[in-house]
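Below is one structure, written out as structure tokens, with a few remarks after it.
Everything quoted here is computed from the prediction, not taken from an experiment. These numbers come from the heavy atoms of this one structure, side chains and all, not from hydrogens, waters or symmetry mates.
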Amino acid sequence: MSSIRADLGRKIHPEPIDHFDRLPDSLILLIFNQIGDVKALGRCCVVSKRFHSLVPQVDNVIVRVDCVISDDDPSATSSSSSATSAASDKLRHPISSLFRFFFSGLFKPLQSLSQLIVPSTRRLPLSEDFDGETEQNTVTHHSPTQVLKNFNEIKLLRIELPSGELGIDDGVLLKWKADFGSTLDNCVILGASSVVQNMNSNFSSSGTCQNIDNVGNNNGVENDNGSIPESFYTNGGLKLRVVWTISSLIAASARHYLLQPIIAEHKTLESLVLTDSDGQGVLSMTKEQLEELRVKPLSASSASKRTLVPALNMRLWYAPHLELPNGLVLKGATLVAIRPSEQPKKEVVGSEGNWVASAFEEPFGTAARMLVKRRTYCLEMNSF
């Protein structure tokens with residue numbers, strides 16, 4: 001009699017169906033790949049056993065580092081807010097800031113340096129390397145290497161530092177883009193002593209420049225014939241550009257050195273980008289460059305934990321006053337294109353010039369294309 005009542009109850013009140021369970025794993029993985037962010041994926045991981053088994057199969061991962069901590073920093077165990085404020089407190093002078101960031105932290109291995117400040121769960125041991133809920137005021141540190149060890153099939157990886165390494169004055173522009181294999185393949189640096197918006201732009205409504213070289217005539221700037229003015233050598237302008245170049249190369253080579261354990265562990269990687277939230281520097285590696293590093297180990301600098309920078313050929317372009325089509329004015333605009341001396345020379349204009357023009361997003365890509373049309377100055381630099 002009771003079995004009959006149970007059968008009638010099931011017919012009247014059927015068990016609810018979870019339609020999400022009907023979705024194939026491939027579709028859920030597609031959603032997870034669109035999410036990308038490792039913390040969000042960590043939260044998905046603790047939702048269900050099914051999600052927990054699928055998250056490690058994600059092939060597109062983004063790791064946003066909350067703060068950079070030195071192992072020698074006694075405040076490393078403090079709250080994440082105080083650590084973040086300490087990391088963002090950049091010194092003004094490029095060289096002094098360089099020493100603070102690199103010798104205090106960025107020359108440390110990734111396992112101890114770029115630590116994600118994320119709560120680790122104690123309720124689900126299997127997910128403790130992902131982000132989860134935990135007891136109040138309990139914070140543990142996880143490096144990208146530790147977090148990524150749970151992913152088995154990463155193809156596209158993007159790591160974002162909380163800020164650029166180089167402290168610069170407000171209003172100063174400094175951006176770099178570097179490609180690496182086992183050593184530096186190329187680097188492009190764009191800088192300007194100041195960036196202002198010209199409300200009375202001398203550009204046509206179509207957005208094209210009417211006369212770039214004579215823009216200064218209407219803005220209180222001396223005539224510009226494309227050459228570097230004599231004052232550039234006497235007022236510290238050249239010295240500052242040398243500091244920008246060396247600092248950017250050291251930052252790029254230190255980032256490259258720190259990526260070794262991740263590249264070695266994840267054989268499926270096809271693209272790797274290490275950038276920062278300020279948009280100051282971008283290091284990128286393609287599938288071929290990643291494989292090159294696995295086959296031919298990098299040469300480390302004897303003085304510090306970074307990749308040795310080879311002897312370089314550099315080409316420099318300078319404009320005292322460069323106005324872009326959107327009215328943005330770069331004063332003291334400088335572009336430096338760098339390649340190892342042992343590599344064949346590449347053109348910076350025409351079909352081979354994309355490695356320079358495509359290094360930066362707009363409007364700075366336009367600035368690079370405008371600068372390479374000016375007079376070129378060639379320089380050389382020894383390995384360091």
Task: Verdict with reasoning, Val55 to Phe32, per side-chain contact (heavy atoms from CB on, under 4.5 Å) - done: CA-CA 7 Å; Val55 166; Phe32 284 167; 3.9 Å; yes
Task: Close side-chain approach of Ile35 to Cys44, heavy-atom, < 4.5 Å - done: yes
- [ ] Would you kindly confirm whether Val273 and Val61 end up in one hydrophobic cluster when ILVMFWY residues are joined by side chain heavy atoms under 4.5 Å apart?
- [x] no
For residues 361-372, which side-chain donor-acceptor pairs fall under 3.5 Å, sequence neighbours excluded?
{"residue": "Glu362", "atom": "OE1", "partner": "Thr366", "partner atom": "N", "Å": "3.2"}
{"residue": "Glu362", "atom": "OE1", "partner": "Thr366", "partner atom": "OG1", "Å": "2.5"}
{"residue": "Glu362", "atom": "OE2", "partner": "Arg369", "partner atom": "NH2", "Å": "2.7"}
{"residue": "Thr366", "atom": "OG1", "partner": "Arg369", "partner atom": "NH2", "Å": "3.2"}

Open item on the list: Pair His256, Leu298 - check side-chain contact (heavy atoms from CB on, under 4.5 Å), show working.
Closed with: CA-CA 9 Å; His256 181 248; Leu298 59 82; 3.8 Å; yes
TODO: Please determine, by modelled atom types, if Arg315 and Thr376 share a side-chain donor-acceptor pair under 3.5 angstrom.
DONE: no
Task: Test side-chain contact (heavy atoms from CB on, under 4.5 Å) applied to Leu157 and His266, step by step - done: CA-CA 10 Å; Leu157 175 60; His266 297 276; 5.9 Å; no
Task: Side-chain heavy atoms of Val63 within contact of Leu148, under 4.5 Å - done: yes
Open item on the list: Would you say that Lys287 contacts Glu291 through its side chain, given a criterion of any heavy-atom pair below 4.5 Å between the two side chains?
Closed with: no
Open item on the list: Main chain of Trp244, side chain of Ser247: is a donor-acceptor contact present, judged purely on distance under 3.5 Å?
Closed with: no
TODO: Establish whether Phe151 and Leu290 are linked, either directly or via other cluster members, by ILVMFWY side-chain heavy-atom contacts under 4.5 Å.
DONE: yes
Open item on the list: If I take atom CE from residue Met314 and atom SG from residue Cys187, how far apart are they, to the nearest 0.5 angstrom?
Closed with: 10.5 Å
Open item on the list: Could you check whether any side-chain N or O of Ser193 sits under 3.5 Å from a backbone N or O of Lys331, counting only pairs where one atom can act as donor and the other as acceptor?
Closed with: yes
TODO: Examine distances only and state if a side-chain atom of Ser248 and a backbone atom of Thr245 form a donor-acceptor pair shorter than 3.5 Å.
DONE: no
Open item on the list: Minimum heavy-atom separation for Trp176 and Ala251, please, with both atom names.
Closed with: CZ2-CB, 4.0 Å
Open item on the list: To the closest 0.5 Å, what do you measure between CD1 (Ile189) and CD1 (Ile338)?
Closed with: 4.0 Å
- [ ] Considering non-hydrogen atoms only, spot the tightest contact between Pro320 and Arg374 and give its length.
- [x] CD-NH2, 4.0 Å
- [ ] Answer whether the closest heavy-atom distance between the side chains of Val309 and Met381 falls below 4.5 Å.
- [x] no
- [ ] I would like to know whether Glu292 and Ser182 meet side-chain hydrogen bond (donor to acceptor under 3.5 Å, both in side chains); could you show each step before the answer?
- [x] CA-CA 6 Å; Glu292 177 187 326; Ser182 60; 2.9 Å; yes
Task: Where Ala359 and Trp355 come nearest, the two heavy atoms and their spacing - done: CB-O, 3.8 Å
- [ ] Might you work through the side-chain hydrogen bond (donor to acceptor under 3.5 Å, both in side chains) test for Lys177 and Ser284, ending with a clear yes or no?
- [x] CA-CA 8 Å; Lys177 167 74 164 55; Ser284 65; 3.0 Å; yes
Open item on the list: Once side-chain hydrogen bond (donor to acceptor under 3.5 Å, both in side chains) is applied, do any residues pair with Thr183, and if so which ones, sequence neighbours excluded?
Closed with: none
TODO: Using the rule that two of Ile, Leu, Val, Met, Phe, Trp, Tyr join whenever any of their side-chain heavy atoms come within less than 4.5 Å, decide whether Val329 and Ile168 are in one cluster.
DONE: no
Task: Side-chain touch Leu328/Val195, heavy atoms, less than 4.5 angstrom - done: yes
Open item on the list: For Leu308 and Phe384: C-alpha separation, side-chain torsions, deciding distance, then whether side-chain contact (heavy atoms from CB on, under 4.5 Å) applies.
Closed with: CA-CA 6 Å; Leu308 184 69; Phe384 64 93; 5.9 Å; no
Task: Residues in side chain to side chain contact (heavy atoms under 4.5 Å, CB included) contact with Asp276, at least two apart in sequence or another chain - done: Leu161, Arg255, Asp278, Gln280
Open item on the list: Strictly distance-based, threshold 3.5 Å: is any side-chain N or O of Gln57 a donor or acceptor partner for the main-chain N or O of Leu54?
Closed with: no
TODO: Looking only at non-hydrogen atoms, find the nearest pair between Leu269 and Arg294 and report the distance.
DONE: CB-NH2, 3.7 Å
TODO: For Glu265, enumerate each residue passing the side chain to side chain contact (heavy atoms under 4.5 Å, CB included) test, keeping only those at least two apart in sequence or located in another chain.
DONE: Thr145, Lys149
Task: Heavy-atom closest pair, residues Thr286 and Gln289 - done: N-OE1, 2.9 Å
TODO: Quick one: pull up CG in Asn235 and CG in Leu240 and give me the separation to the nearest 0.5 Å.
DONE: 9.5 Å
Task: Shared hydrophobic cluster, Leu30 / Leu156 (ILVMFWY, side-chain heavy atoms < 4.5 Å) - done: no
Open item on the list: Suppose we screen for side-chain hydrogen bond (donor to acceptor under 3.5 Å, both in side chains). Which residues come up paired with Asp37, at least two apart in sequence or across chains?
Closed with: Arg64
Task: Contact summary for Gly181 and Leu293, nearest pair of heavy atoms - done: O-CB, 3.9 Å
- [ ] Give, for atom CD of Gln343 and atom CG of Asn186, the distance between the pair rounded to the nearest 0.5 Å.
- [x] 7.5 Å
Open item on the list: Counting C-beta onward and ignoring hydrogens, is there a side-chain heavy-atom pair between Leu312 and Leu184 closer than 4.5 Å?
Closed with: yes
Open item on the list: Nearest 0.5 Å, please: how far is CD1 in Ile159 from CG in Leu272?
Closed with: 6.0 Å
Task: Ring centers of Tyr318, Tyr377 separated by less than 6.0 Å - done: no
Open item on the list: Return the OG1 to NZ distance between Thr268 and Lys155, rounded to the nearest 0.5 Å.
Closed with: 8.0 Å
Task: Test side chain to side chain contact (heavy atoms under 4.5 Å, CB included) applied to Ser341 - qualifying residues, sequence neighbours left out - done: Ala311, Asn313
TODO: Answer yes or no: is there a side-chain heavy-atom contact under 4.5 Å between Phe360 and Val188?
DONE: yes
Open item on the list: Would the distance check show the side chain of Asn33 and the main-chain N or O of Leu29 forming a donor-acceptor pair, the cut-off being under 3.5 Å?
Closed with: yes
Task: CD (Glu230) with more than 12 external heavy atoms under 6.0 Å - done: no
- [ ] Please check if Leu274 and Leu174 belong to a single hydrophobic cluster, counting links between Ile, Leu, Val, Met, Phe, Trp and Tyr side chain heavy atoms closer than 4.5 Å.
- [x] yes
Task: Any Trp317 side-chain heavy atom under 4.5 Å of Lys373 side chain - done: no
